[in-house]
Amino acid sequence: MLSIPQDAALILRLCRQAGHQAYVVGGCVRDALLGRAPQDWDICTSATPQEMLRIFDGYRVVETGLKHGTLTVVLGHNPYEVTTFRVEEGYADHRHPDQVRFVHDVREDLARRDFTVNAMAWSPEEGLVDAFGGQEDLRAGVIRCVGDAATRFGEDALRILRALRFAATYGFRIDGETAVAIHALHPTLRHVAAERIRVELGKLLCGRTAAEILRQYPDVLHTILPETRAMYGFEQHTPYHHYDVWEHTLHALDAAPAEEALRWALLLHDAGKPETFTLDAAGVGHAYGHGKISAEKAESAMARLKMDRATWEDVTSLVEKHDMPLPVDRKLMKRRLRQLGERRLRLLIRLQCADALGTGNCPREAAEQLARARLQLLDELLAEDACVSLKQLQVNGRDLLAAGHPAGKALGQTLERLLEEVMEETLPNQREALLRRAGELAREGGPHGQVE
Ligand code: ATP
Ligand code: MG
């Protein structure tokens with residue numbers, strides 16, 4: 001017995017009462033059987049689009065997908081996609097069916113779905129409909145195409161990436177025949193829209209066995225993210241690293257929390273290493289300035305994949321600064337806080353921890369202890385509301401002008417100088433002291449030096 005939300009049960013009942021078959025289907029059945037909370041409950045029914053419109057007359061519906069058989073029924077605040085049983089035909093572009101045809105048998109509808117674990121339906125009356133051994137594969141932890149793998153990937157190349165994504169998310173393995181077809185057909189992923197690649201790859205990267213899956217399918221990644229190609233098998237010739245660049249990247253990914261920006265940044269942080277690599281006279285490898293080159297590669301990858309702006313900026317910034325020194329030192333940490341902001345600094349601390357663990361030469365306890373010490377210092381600075389921005393300074397430009405400070409460029413320079421001295425803890429962040437110091441600076445003929 002599957003436990004399904006009341007709203008979904010209501011939709012099934014309304015379809016049944018009108019004389020049609022109806023099931024919850026696909027990802028929600030898979031997740032419910034795995035004991036995971038489904039993201040959304042999809043429903044399939046023998047009712048045609050016109051019949052659905054009659055059944056849900058009086059309910060809030062959205063008709064956008066109706067031509068392809070999908071009606072969205074909104075109950076409470078939750079949208080439910082209700083789709084007529086259908087088969088899909090002709091995939092000239094390796095992605096979209098040229099035509100959909102409505103059918104009467106749920107098994108035909110299940111046969112068009114990508115993987116056995118995604119091809120199960122359930123209703124309170126019939127229980128589980130599992131025509132392709134989905135339950136068995138779920139139990140064994142296997143991703144397997146419904147039908148002939150090469151044919152199914154030939155129809156829609158995105159399925160290749162979905163296979164990797166599901167395997168990484170659930171820690172499943174990919175069945176032999178399905179794996180062979182993936183290795184043979186991944187170049188067709190070039191036909192898939194960048195946004196779809198980005199979404200699937202993002203989910204893959206956050207999967208619990210992401211590193212292991214990427215280790216098994218580097219060829220797929222090279223097709224969709226050519227920036228990673230040069231890392232593969234690239235030896236580092238340095239005592240700091242136990243692994244080549246690609247293996248290091250995978251170990252670092254494995255060590256990082258499943259946060260998307262962090263995982264993307266780790267995937268690309270050393271992409272510039274091969275290009276900047278030099279061997280010194282002693283035969284030791286260096287990659288001076290690789291952060292900047294990696295950041296350029298990350299930038300072009302983010303642009304090509306049409307990444308959302310916030311993640312894009314996090315990723316390129318983290319990649320560029322991944323080697324930035326972060327000593328456990330009040331004054332330096334304040335500078336970093338000023339440069340990066342709290343959120344990104346926290347990400348960088350965790351990225352550096354994963355990066356260190358990924359060398360294969362850094363004891364876990366040491367890396368984690370360093371990260372904890374950095375985070376604790378950061379928390380202390382935030383708790384005391386340490387001044388790291390002009391906004392937090394207890395005087396502003398107007399105060400200085402009112403105190404007779406000359407206007408113009410010098411004003412801004414004085415404020416910067418005050419902030420620097422406050423951050424250096426040579427000047428208290430107190431109004432009187434700041435005004436006095438501003439007066440001194442004006443008499444000295446303007447400030448010297450800049451905040452980093
Ligand atoms: P998620 O948990 O990410 O939502 P999902 O399996 O529900 O995973 P959806 O994209 O929501 O994925 O698709 C719902 C269902 O539709 C799938 O479970 C599968 O049965 C079918 N499906 C989705 N995309 C494809 C595809 N490209 N080819 C074949 N069937 C697909
Ligand atoms: Mg879904």
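As the structure lists them, so they are numbered: ligands from 1, and atoms in each ligand from 1. FYI, side chains are in, hydrogens and waters are out, and symmetry mates aren't considered; it's all heavy atoms of this structure.
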Proximity of [X] to ligand 1 by residue part, where a heavy atom lies under 4.0 Å:
X    : value
D42  : side chain
D156 : side chain
F166 : side chain
R165 : side chain

Verify the distance criterion only: is there a donor paired with an acceptor across the side chains of H251 and D254 at less than 3.5 Å?
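Absent: no donor and acceptor within the cut-off.
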Any ion pair linking [Y] and [X] (charged N to carboxylate O, less than 4.0 Å)?
X    : Y    : answer
R346 : D379 : yes
E195 : R198 : no
K203 : E200 : no

Distance filter under 4.0 Å to [X] heavy atoms, resulting ligand 1 atoms:
X    : result
R159 : 26 (C), 27 (N), 28 (N), 29 (C)
K203 : 3 (O)
G26  : 18 (O)
G27  : 5 (P), 6 (O), 7 (O), 18 (O)

Report the residues that fulfil side-chain hydrogen bond (donor to acceptor under 3.5 Å, both in side chains) with R344, sequence neighbours left out, ordered by chain and then residue number.
D314, S317
Test item: Q21 and V129 side chains (from C-beta on) under 4.5 Å apart, heavy atoms:
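With C-beta onward as the side chain, the pair stays apart.
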Suppose we measure from [atom] to each protein heavy atom; which comes out shortest, and what is that distance?
atom                    : result
atom 15 (C) of ligand 1 : R113 NH1, 3.6 Å
atom 30 (N) of ligand 1 : D114 N, 3.2 Å
atom 23 (C) of ligand 1 : R162 NH2, 3.1 Å
atom 4 (O) of ligand 1  : Q39 OE1, 3.8 Å
atom 20 (O) of ligand 1 : N118 O, 2.9 Å
atom 2 (O) of ligand 1  : R30 NH2, 3.0 Å

Distance (rounded to the nearest 0.5 Å) between [X] [atom1] and [Y] [atom2]:
X    : Y    : atom1 : atom2 : value
H77  : D7   : NE2   : CG    : 11.0 Å
W264 : L305 : CH2   : CG    : 5.0 Å
L345 : L318 : CG    : CG    : 10.0 Å

